[in-house]
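Being a predicted model, the structure only gives us computed values, none of them experimental.
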Amino acid sequence: MSSGTVFLLKPVFLRGFSGSLHLVLLFGVFGSWVCQRFKMGNREGSKERFKRTRTLYYKQTLICCMGVCVFSLVLCLLNYFYWYRNGWSDEELVTLLDLALRTLAWGAVCVYLFNLGRPKYPFLLRVFWGLYLLISFYDLVIDVVLYRKHVNLPVQYLVSDVVSVVTCLFLCYVGFLGEDEGEDAILEEPFLNGDSNARNESESNKSKGGENVTPYSNAGFFSILTFSWLGPLISAGTKKTLDLEDVPQLDPSDSVFVGYPSFRNKIEAECGTISGVTTLKLVKALISMAWKEIILTAIFCMMYTMASYVGPYLIDTFVQYLNGRRNFKNEGYVLVSVFFSAKLVECLTQRHWYFRVQQVGIKIKSVLIAMIYNKGLTLSCQSKQVHTSGEIINFMTVDAERVGDFSWYMHEIWMILVQIVFALLILYKNLGLASIAAFLATVLVMLANVPLGAVLEKFQDKMMESKDKRMKVTSEILRNMRILKLQGWEMKFLSKIMELRKTEAGWLKNYLYTNAVSSFLFWGAPTFVSVVTFGACILMGIPLESGKILSALATFRILQEPIYNLPDTISMMVQTKVSLDRITSFLRLADLQSDVIERLPRGSSDTAIEIIDGKFSWDLSSSNQTLKDINLKVQHGMRVAVCGTVGSGKSSLLSCMLGEVPKISGTVKLCGTKAYVAQSPWIQSGTIEQNILFGKEMEREKYEWILELCSLKKDLEILSFGDQTLIGERGINLSGGQKQRVQIARALYQDADIYLFDDPFSAVDAHTGSHIFKECLLGVSSSKTVIYITHQVEFLPAADLILVMKDGRITQAGKYNDILNSGTDFMELVGAHEKALLALDSVEAGSVSESTSMSKEVGNMSSTNGVAQRQENTGVETCKTDDTVGTKGQIIQEEEREKGKVGFSVYWKYITMTYRGILVPFILLGQALFQLLQIGSNYWMAWATPISKDMKPAVNSSTLMIVYVALAIGSSFCVLLRSMLLAVAGYKTATQLFSKMHYCIFRAPMSFFDATPSGRILNRASTDQTAVDLIIQYQVATFAFSSIQLLGIIAVMSQVAWQVFIIFIPVIAVCFWYQQYYIPSARELARLVGVCKAPLIQHFSETISGSTTIRSFDEESRFRETNMKLTDTNSRPKFNIAGAMEWLCFRLDMLSSITFVFSLIFLVSIPEGVIDPGLAGLAVTYGLSLNTLQSWVIWNICQMENKIISVERILQYTSIPSEPPLVIEENRPDQSWPSLGEIDIRNLQVRYGPHMPFVLRGLTCTLPGEMKTGIVGRTGSGKSTLIQALFRIVEPAVGQIKIDGINISLIGLHDLRSRLSIIPQDPTMFEGSVRSNLDPLEEYTDKQIWEALDKCQLGDEIRKKDAKLDSTVSESGENWSVGQRQLVCLGRVLLKKSKVLVLDEATASVDTATDTLIQETLSQHFSNCTVITIAHRITSVIDSDMVLLLNNGLIEEYDSPARLLENKSSSFSQLVAEYTFRSNSS
């Protein structure tokens, strides 16, 4: 063979040629990049266009090139260290140069591809791939030929050439045969483009989240293994702020739609019905639902545990290897391979274990929420008394979540045992019988943790108990904030919450300090166990060698986690058991009796409703029945009126027809579909249209007709968004009358056979009430059955059947004239009504017909003559807002969500809130000293003990132990100090944030509460506050502590081998790049979790309060489906957060494993004797936890940013614009103010927000002092707004109100509101006692309270109760009738005795007789006061001194009733005529 041919076979030629080719590639790529930069300006547009058309297998190509680059780097470094030890040759230098050039060239190709702006790979690159394939193939053939000739060839040449051929085959395939992939499949450039096409595309993708199922569903093995299926979502998060539409739907197997039915079937198969479930059966059903995942995670858990002990097991062998003991050739590289493989298994199994348990947790939580919700829909009224709505919501938000979170802990118990067994085996191998001492020390530490765990659990239980009480009160206060502000009670109720928080904070303080001691035990445990073990070795005479000591120290560090986690695990088990018991006890509550009503097929009977010998009771345990001896038969098409005094059982009668009241005996038959209108309107959050349709399809003609029937057309014209106006929580932005009419419209749209109306006229004005009665109740099809309760006697004559109720019995039944003379009960009601009508005698019967026809146009009439004051519509702003208002005009805005990075100011405010942050440096110093002393103690043991038995120790055993113990005690003291300081800082910060937020919420204007659903505020007061109390201080501290630990490990490793920095620095850089790449998505997903939780809670809360209405419309299945959709929506970001976290951790683990392996390779490659084997072993001991710690630091950065969002959300609510001051010292009115009570209104213009239309449009009038003024007008005319302006609930935009000459806008709110009294439209009672409801500020004696009760006709009723004034009032006064609640409100004003009294529909919910009583009481006790009455009953205002008639925010008429009635064409005359006409028609 010629010498030329021989040279072509030599590695020097092959490597040299390869290196030259890579150098050419490097220059080519650089040149191409420079050209591209110059042309960039001309091709900007096309680049954008191309960027969306990537080439086939683009990502795989990029990964492949990166792989070649990393492989070349590792090979280069390996060869460098190997040859550095054994000397250099020309061939080796050329090979090193080739590998270095390869690394640079392929790195440049990666960068080039990453910024590729073309639809095809460049020609130069494809030519290079072709040439490189030929050379690699040639090299491989030469390697095989030389191998067959038995030429000794380094193994890395063969590996390198095989790798090169495989990668080049793939690259050539995609370079020459690949075609365009077309549009990027998922979430690519359109989000960044500014052109209209992209925007349209983006718009059409709005519902993407709704259509796209998570890529996890169809991911391949490799994608699942590496969590690559999350790549598109994380990539999208770097380009835009993620919204819910961007988050894909759950995999069907994780959706509650699939999980819940099978779970319910398992429970029903086991227990028969849900009510028969026990805790054990519930657990069995949950396990059988997720058994596959549980077994899989158990396997992962076991593999992880085994892999984590490989390192400690091999350290001694590694130290002995470094010391020169070789068992076989290449032992070092085999050890490195085993270390790396164990790390790989540890990383993969841990990541998939963590992800799968979270997946199981989400499924379990979802099915439990669905089950609790469904139970809430079917609960009987008696069962509801057992739990308040707040407690039921807690089952869902706290207990179900806790059971779901237990999935983290489900393998801990058996895993702790396995870990202890493995640890003892390793210790026994290294230290013999001293391992028994280690075992006893471990048990001792665990036992020390148990009482601490029990104490912590007790404190946590007490804290949760206190929190529940606080949340219950907060929830009730938020619901009734308007009445608190009207009465000027808000600061008293704030102090009530602060008192409850004080109790909670006491337990929190105990918990945090005990936790500090627990933390001290955690960090001190490994040191204590090691001191005991090494002490036992010395006492037993077991020789201590550095390898064995290092193995033991690594083992102790692994044991630290299970020792610490045991009490936590036990505590979590106990908490989960408590939560399961609570959920089970709730599921076991009695449902509504299913057999109360016998439903007959539609059209099968002439009778619509029949009750035979019915006996019913809300409380079956009570001997006092609610309804007795009810016999009733209602034919189809009948109109049935139900009347009676307050508390006579009218509403209960309707409820028993709905099947809501438990039946003692008798029969109830019902034929046909039903619709129900409740006395207290139940309105859902959503648009007006959604409330009316209530799940039905839109039929435009029918819909418009019903709007007309219910007089809603005019109201919708006034609202900026018409029927698309979003209604606030509990219909907050609608007047009482509007809510009632929306309810009626909802019932009519159902087109039911039977309509049940519970006093629908009380909240609407006389004209509207009359219109609704005629059109809706009498005007519906003659085949429809209508049963209505009413207190207005004038609506009775039109009924086919009147039922008179008294004490739960039907005392009279028949037509109006038939029963008028047959009993006293009906006579009393009619007599009271006729007495009220005497005041209207001035109206002549002859004018009735004329005025009735005119009253149809009452809204459009011009002002009448003889009216004291008149205002024109001209020049005044119209009610319709400008089209440019946009969605901002809606009262309920989408929840405010910060976007982008959490600002540094949030962190700064948090850490400097307590003592201006002075504790922070001391906490950090404590941790730094602890780390220093820990490393010092381990360094001392490694240095002072011999490598092997035959070497002499550096110090004697007593010195060894004394120094070690001293360092251990010092480090433990540092931990105790920093734990205590951290507890102080965390507690003080949480307390301050709580106080600031609550003060700002209570001082916020009413508009804030109108626009903010209470769920949002409650979320901050519970979930976010809990995070601030218990989590965030540890999260911030853990980040700082783990960073200090990481620096310590790096310091130790660099002491042994500084060369580790060559790879460590780029790895850390890549880790931070990954963290920066990941965090935008994670941050927004965490925010979305918070945002998605509120609608779920709100929907549940609304369902509980409106369950009767939902059941009466047979809409349960639709509400269940909505709940499941909201549950899945809440789970979507959670599922993706879990996956994204593991996506990041997997990559960080891999990178840190590379660092660790690199340091091991360096240690086995350097010549023997260069480095102390004991110190090298110490570096490996610390290096074992490097991957965990490195990813732990990055993980903590991410977690800290996710958790700090709670602080951000609380800080949002510490900057709410406040109401004007409660007291203005320099402008305080006299104690006697107001002495006369004259109210002077000048050009008053009011609106509810800057984007909203004006509701009052320039009122000017004077309400005389010590006189009675009635305010009347159609629903929505501005009556209630005027009252709100008087109390400054709404500040005037223009104009002013003066009381006795003092401008009310210039004095403090508390001074104003405490001097005025109001009986509001919605009667409100708070949970507590009768006494606390009448006198929350505790200003009056019992005697005064009894007097007030007697005056308002409630004294006798309360004396009947055992507890008298301490009689309980349940949540929202549910155990009192609406009429009784109204009388309690009357009692409050009788106690207060203000000079100005406002009655806002005060007698709407009581019968005429009670109304008359109230009017007489007021006349008697407020004769010398200014009384302003808003009323729909003409009889309530007819005896006023003056009448103010409002229309569309303007004064239409203002004069004395007599003067207005004289003018037959006045609007007031027509209202009276309408009222009398309706009362006299029979």
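- To the nearest 0.5 Å, the span separating OH on Tyr354 from CD on Glu1142 amounts to 8.0 Å.
- In this structure the side chain of Leu344 reaches within 4.5 angstrom of the side chain of Met1150, judged on heavy atoms.
- The CG atom of Leu1160 sits 10.5 Å away from the CZ atom of Phe340 when rounded to the nearest 0.5 Å.
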Take Phe1146 and Thr226 through the test side chain to side chain contact (heavy atoms under 4.5 Å, CB included) and record every step on the way to the result.
CA-CA 7 Å; Phe1146 171 76; Thr226 60; 3.7 Å; yes

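- With a 4.5 Å cut-off on side-chain heavy atoms, Cys347 and Lys343 do not count as touching.
- Counting only heavy atoms from C-beta outward, the side chains of Ile1197 and Phe1072 approach each other to under 4.5 Å.
- Relative ring orientation between Trp1073 and Tyr1077 is described as parallel, the plane-to-plane angle staying below 30° on a 0-90° scale split at 30° and 60°.
- Within the model, atoms CE of Met1141 and CG of Asn1136 stand 14.0 Å from one another, a figure rounded to the nearest 0.5 Å.
- For the pair Asp246/Lys240, a side-chain contact is recorded, criterion being any heavy-atom separation below 4.5 Å from C-beta on.
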Check against side chain to side chain contact (heavy atoms under 4.5 Å, CB included), His352 and Ile224
CA-CA 9 Å; His352 283 277; Ile224 285 177; 4.1 Å; yes

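- In this structure, Cys168 and Ser136 approach most closely via the heavy-atom pair SG-OG, 4.3 Å.
- Side-chain contact check for Trp1143 versus Arg351: every heavy-atom pair is 4.5 Å or farther apart.
- Residues Tyr216 and Ser223 fail the side-chain proximity criterion, which asks for heavy atoms closer than 4.5 Å.
- Put simply, the side chain of Thr349 gets close to the backbone of Val345: a donor and an acceptor are under 3.5 Å apart.
- Annotation: the span from Tyr907 atom OH to Met1200 atom CE amounts to 4.5 Å, rounded to 0.5 Å.
- For the pair Pro248/Leu233, a side-chain contact is recorded, criterion being any heavy-atom separation below 4.5 Å from C-beta on.
- Of all heavy-atom pairs between Ser308 and Glu346, the closest is CA-OE1, 3.7 Å.
- With rounding to the nearest 0.5 Å, the separation of OH in Tyr1078 from SG in Cys1071 is 14.0 Å.
- What you find for Leu230 and Ala1140 is that their closest heavy atoms are CD1-N, 3.1 Å.
- The distance from atom CD1 of Ile1044 to atom CD1 of Ile1049, rounded to the nearest 0.5 Å, is 13.0 Å.
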